[in-house]
There are 2 protein chains.
Amino acid sequence: MATHDGSRTVEAVQTTLDIIELLLERDGAGITEIASELDRSKGTIHGHMATLSQNEFVVKEGDTYRLSLRYLELGEKVRDRLQIYDVVTEELDDLSASCGELAQFAMTEHGRAVYIYKSAGENAIQSASSPGKREYMHCLSLGKAMLAHMPRERVEEIIDRHGLVGYTENTITDPETLFEELEAIRERGYAFDREEKIEGLRCVAAPVTTKDEIVGAISISGPASRFEGDFYEEELPSMITRSANVIEINSQFS
Amino acid sequence: MATHDGSRTVEAVQTTLDIIELLLERDGAGITEIASELDRSKGTIHGHMATLSQNEFVVKEGDTYRLSLRYLELGEKVRDRLQIYDVVTEELDDLSASCGELAQFAMTEHGRAVYIYKSAGENAIQSASSPGKREYMHCLSLGKAMLAHMPRERVEEIIDRHGLVGYTENTITDPETLFEELEAIRERGYAFDREEKIEGLRCVAAPVTTKDEIVGAISISGPASRFEGDFYEEELPSMITRSANVIEINSQFS
DNA sequence: ATGGCTGTTCGCACCTCTCAAACGCTTGAG
DNA sequence: CTCAAGCGTTTGAGAGGTGCGAACAGCCAT
């Protein structure tokens, strides 16, 4: 356990973060509702809401509170600080257009994959992912591509923390199998998702690195019906690795 | 009673929000740096960072902390909940294309204008605004358009809270003058910004209302050199009010 | 009018947050 | 190679804040 969870934390802050998370799920909530949901007294919640409201992190409309528009600012700032962002969007738009499928870019944080951008080609499937969405890494081509370029101890940490949750019968739930898969990905240069998260959904992903450091990964996703044979095993891999290369090269000049 | 600021607040939460705001300004900071900036002990900040990090609101890279990619998720959710968003973007793209200038949409929160979306026509000026950016209302055409459709007491509250800061010699800094201006805007149906915030920048704005309730405002901005005569006083107002109307109508079916 | 539901306020007891100091660690200078 | 200075981290102990619960005020439907 390298993640020192033993650190002393601030419970009052924990409560506030719980409130924010609750407001993220529901679109607006009242004091009593929040209080009962989080098992805190109404007075306590009231104090927290007052603090959040004064700092404009929350808006009070009548008796219900909502997350404020400040989060647009925060999201925007965070995105603007990703230097590769513009390079990625440009290349993914090209990629999705030329293959007609769904192209995505993700980075990693706290041992999870975070979707940053997606670009839909004309035949692209619908995907539930949206920017900022966090997902376990072991069942995504994007995630495995990134894991493959991390030191083994780091991967073990991640497994310890998040486990290897199973979604379909193809999900890798055994650590040793995962390490073998990562080894194969490293040799190959790209990763597959053979319906490991969602039945019928297949993907190919390639890592994006700069100076041997992993910065993220890009992927192409589509239905199992189209993703098979040479198209799946040869064409798409070659397209995705080419795009990853373009991103790596272009990102050096920004 | 309305929002009285006398409410008891939670100081520990205030500290955390100050930290977030600090990280919003700087791109990454260390414990000592944050501690000295906020006049707190290192130990205190450490505890707060541990809490924020465990909740994935912050990322620790080596010894520096940054805002995490979670804020992308938060920003996205907040934006998705604005029902008019899609209608607005579509119409503003049309508007900016047909007049060649910069078209923007803003809403109001905590007595301030918050930019939500902007669309640049081919001759559009550069603007420092970006989604989520908050600005005083009295010196913006967008802001005045919204103020004009608020009850007088609400406007007085806002003046009390934020004052009427002066930026140029045209900025309205006197409450009575402002109320007269708002009256004129109400009669006219649209608002001007005659270089009241930035020298050389002029705008026209129209409110967007549904069921007599103000939801936001749209504007066109451009250089004083182009924004004059009939174009500024007649053509642009007619375009902007037409667009506002389109948005109001279309937003009823969503 | 009445009860039930909000959000709000307040006093009090307890716990938690904050501070300061000391620790281990890395870095750079001598 | 040594040392000092900087960093983040941990800990104890104390003051102060925080949370609770009860009581209050307002709203709405019955």
Side-chain angles (χ1 to χ4, degrees), chain A residues 1-23 26-68 110 153 157, chain B residues 1-23 26-68 110 151 153-154 157:
Chain A
M1 306 284 187
T3 38
H4 24 275
D5 285 331
S7 295
R8 241 199 303 199
T9 59
V10 187
E11 286 199 15
V13 172
Q14 184 62 54
T15 304
T16 276
L17 298 182
D18 288 342
I19 292 172
I20 293 176
E21 225 140 331
L22 186 71
L23 290 179
R26 313 193 184 180
D27 182 22
I31 295 245
T32 307
E33 182 181 354
I34 299 172
S36 75
E37 194 73 24
L38 301 180
D39 271 311
R40 294 276 132 86
S41 77
K42 288 194 294 176
T44 300
I45 299 298
H46 183 79
H48 281 262
M49 299 317 287
T51 314
L52 285 167
S53 181
Q54 274 181 31
N55 287 271
E56 305 191 9
F57 279 79
V58 127
V59 172
K60 188 181 174 187
E61 289 172 356
D63 277 346
T64 72
Y65 292 86
R66 300 172 189 282
L67 294 181
S68 78
H110 293 286
E153 323 109 40
E157 270 177 40
Chain B
M1 283 303 176
T3 43
H4 265 140
D5 287 331
S7 296
R8 240 200 313 198
T9 59
V10 187
E11 288 203 9
V13 172
Q14 184 62 54
T15 302
T16 275
L17 298 183
D18 289 342
I19 292 172
I20 292 175
E21 225 139 333
L22 185 71
L23 290 178
R26 314 195 181 177
D27 183 22
I31 296 243
T32 306
E33 182 181 354
I34 299 173
S36 74
E37 193 75 23
L38 301 180
D39 271 311
R40 293 275 128 87
S41 78
K42 288 194 295 175
T44 301
I45 300 299
H46 182 79
H48 281 262
M49 300 318 285
T51 314
L52 285 167
S53 181
Q54 273 182 31
N55 286 272
E56 304 191 9
F57 278 81
V58 128
V59 173
K60 187 181 173 184
E61 291 171 356
D63 277 346
T64 72
Y65 292 87
R66 300 173 189 281
L67 294 182
S68 79
H110 293 285
E153 325 108 39
R154 179 78 187 111
E157 269 178 43

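Just so you know, these numbers use all the heavy atoms, side chains as well, and skip hydrogens, waters and symmetry mates. A note on names: the letters A, B, ... follow the listed sequences, proteins ahead of strands, and every chain is numbered from 1.
- A:Thr32 comes within 4.0 angstrom of the backbone, heavy atoms only, and of no base.
- In this structure, B:Arg40 does not reach the C:dT18 phosphate: none of its side-chain N or O atoms is under 4.0 Å from OP1 or OP2.
- B:Ser41 has no side-chain polar atom (N or O) that falls below the 4.0 Å cut-off from OP1 or OP2 of C:dT18.
- When each of A:Tyr65 and B:Asp39 is assigned the nucleotide of DNA chain C with its nearest heavy atom, A:Tyr65 is the one assigned upstream, toward the 5' end.
- One finds a side-chain N or O of A:Thr44 lying less than 4.0 angstrom from the OP1 or OP2 phosphate oxygen of D:dC20.
- Between A:Ser7 and D:dT9 there is no side-chain N or O to OP1 or OP2 distance below 4.0 Å.
- B:Leu17 places a side-chain heavy atom less than 4.5 Å from the side chain of A:Leu52.
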Verdict with supporting geometry, A:Ile34 and A:Leu22, side-chain contact (heavy atoms from CB on, under 4.5 Å): CA-CA 8 Å; A:Ile34 299 172; A:Leu22 186 71; 3.8 Å; yes
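- Between A:His48 atom NE2 and C:dG7 atom C1' there is a gap of 16 Å when expressed in whole angstrom units.
- At a cut-off of 3.5 angstrom, counting only N and O atoms as typed in the model, there is a donor on one side and an acceptor on the other between the side-chain of A:Arg8 and the base of D:dG12.
- Note on A:Gly47: nothing from the nucleic acid sits closer than 4.0 angstrom, heavy atoms only.
- Considering only the side chain of A:Asp63, C:dT6 comes nearest among D:dG19, C:dT6, D:dT9.
- In this structure, the side chain of A:His110 engages the main chain of B:Val58 through a donor-acceptor pair within 3.5 Å.
- At a threshold of 4.5 Å between non-hydrogen side-chain atoms, the residues A:Arg66 and A:Glu61 count as touching.
- With rounding to whole Å, B:Ile45 atom CD1 is found 16 Å from D:dT10 atom P.
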Step-by-step side-chain contact (heavy atoms from CB on, under 4.5 Å) determination, B:Tyr65 to B:Ile19: CA-CA 10 Å; B:Tyr65 292 87; B:Ile19 292 172; over 6 Å; no
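- We find that NZ of B:Lys60 is positioned 11 Å from C1' of D:dC7, with the value rounded to whole Å.
- B:Leu38 has its CG atom 16 Å from the C1' atom of C:dC17, to the nearest Å.
- Two residues, A:Lys42 and A:Val13, neighbour DNA chain D, and the one matched to the more 5' nucleotide by heavy-atom proximity is A:Val13.
- Look at CD1 on B:Ile31: it is 13 Å from P on C:dT18, rounded to the nearest Å.
- Comparing B:Glu11 and A:His46, the nucleotide of DNA chain C nearest to each residue sits closer to the 5' end for A:His46.
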